[in-house]
Amino acid sequence: MTDESLSQLSFGVFTLNDDLAARSFDDADLVLTVQLEEADLEALIYAPAEDESVSIHIEHFVLDAQKQQFKSRELQDAQVQLVINHGPLINAVVEFSDDGVMFVSPPMELIAEQPE
């Protein structure tokens, strides 16, 4: 595993709307790939208590439209955050500033590889 693969995460993200619960995890609207900085990696090791969460603002990311309706959208005009909750669980939140449309990823268990 290279250093680059250790500092990148990818998430399928879905439009936050009333249909979200019925969506298949295999049918994302966008794919978000984030490039984590050293400070971001340090924040990932924090284990929030049950009533806490940690938000990490992401500067370096790539969004790839998976659905035709999003291919014409300016995908780099977004605010991206990773949210870590008790578990620890991690999910991504993408918000477009021009119209306020939000996309979210399903929560995933955050498991760190243990060094051998």
request  = Measure the spacing between CG of Leu63 and CG of Asp29 and express it to the nearest 0.5 Å.
outcome  =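 Answer rounded to 0.5 Å: 11.5 Å.
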query = In Å and rounded to the nearest 0.5 Å, what is the CG to CE distance from Asn17 to Met102?
reply = 12.0 Å
Of the non-hydrogen atoms in [X] and [Y], which two are nearest, and what is the gap between them?
X     : Y      : answer
Gly12 : Ala28  : CA-CB, 3.7 Å
Phe14 : Ser24  : CE2-O, 3.3 Å
Leu20 : Thr15  : CD1-O, 3.8 Å
Glu52 : Ala49  : OE1-N, 2.8 Å
Ala92 : Ser105 : N-OG, 2.7 Å

Heavy-atom check, side chain of [X] versus side chain of [Y], under 4.5 Å:
X     : Y     : result
Ile58 : Leu32 : no
Gln79 : His57 : yes
Leu9  : Ile90 : yes
Val62 : Gln35 : no
Asn85 : Asn91 : yes
Thr33 : Asp64 : no

query = Got more than 12 heavy atoms from elsewhere within 6.0 Å of CD, Glu38?
reply = no
Honestly curious: do [X] and [Y] fall in one hydrophobic cluster under the side-chain, below-4.5 Å linking rule?
X     : Y      : answer
Val83 : Phe11  : no
Val54 : Leu89  : no
Ile56 : Met108 : yes
Phe61 : Val93  : no

request  = Measure from the ring center of Phe96 to the ring center of Phe70 and say whether it is less than 6.0 Å.
outcome  =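 No, the ring centres sit 6.0 Å or more apart.
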task = Run the numbers on Asp27 and Gln66 for side chain to side chain contact (heavy atoms under 4.5 Å, CB included), then give the verdict.
result = CA-CA 8 Å; Asp27 194 27; Gln66 302 298 297; over 6 Å; no
request  = State whether the side chain of Lys71 and the backbone N or O of Ala65 hold a donor-acceptor pair below 3.5 Å, judged by distance alone.
outcome  = yes
Working for side chain to side chain contact (heavy atoms under 4.5 Å, CB included), residues Leu82 and Leu36 = CA-CA 10 Å; Leu82 299 182; Leu36 299 171; 3.9 Å; yes
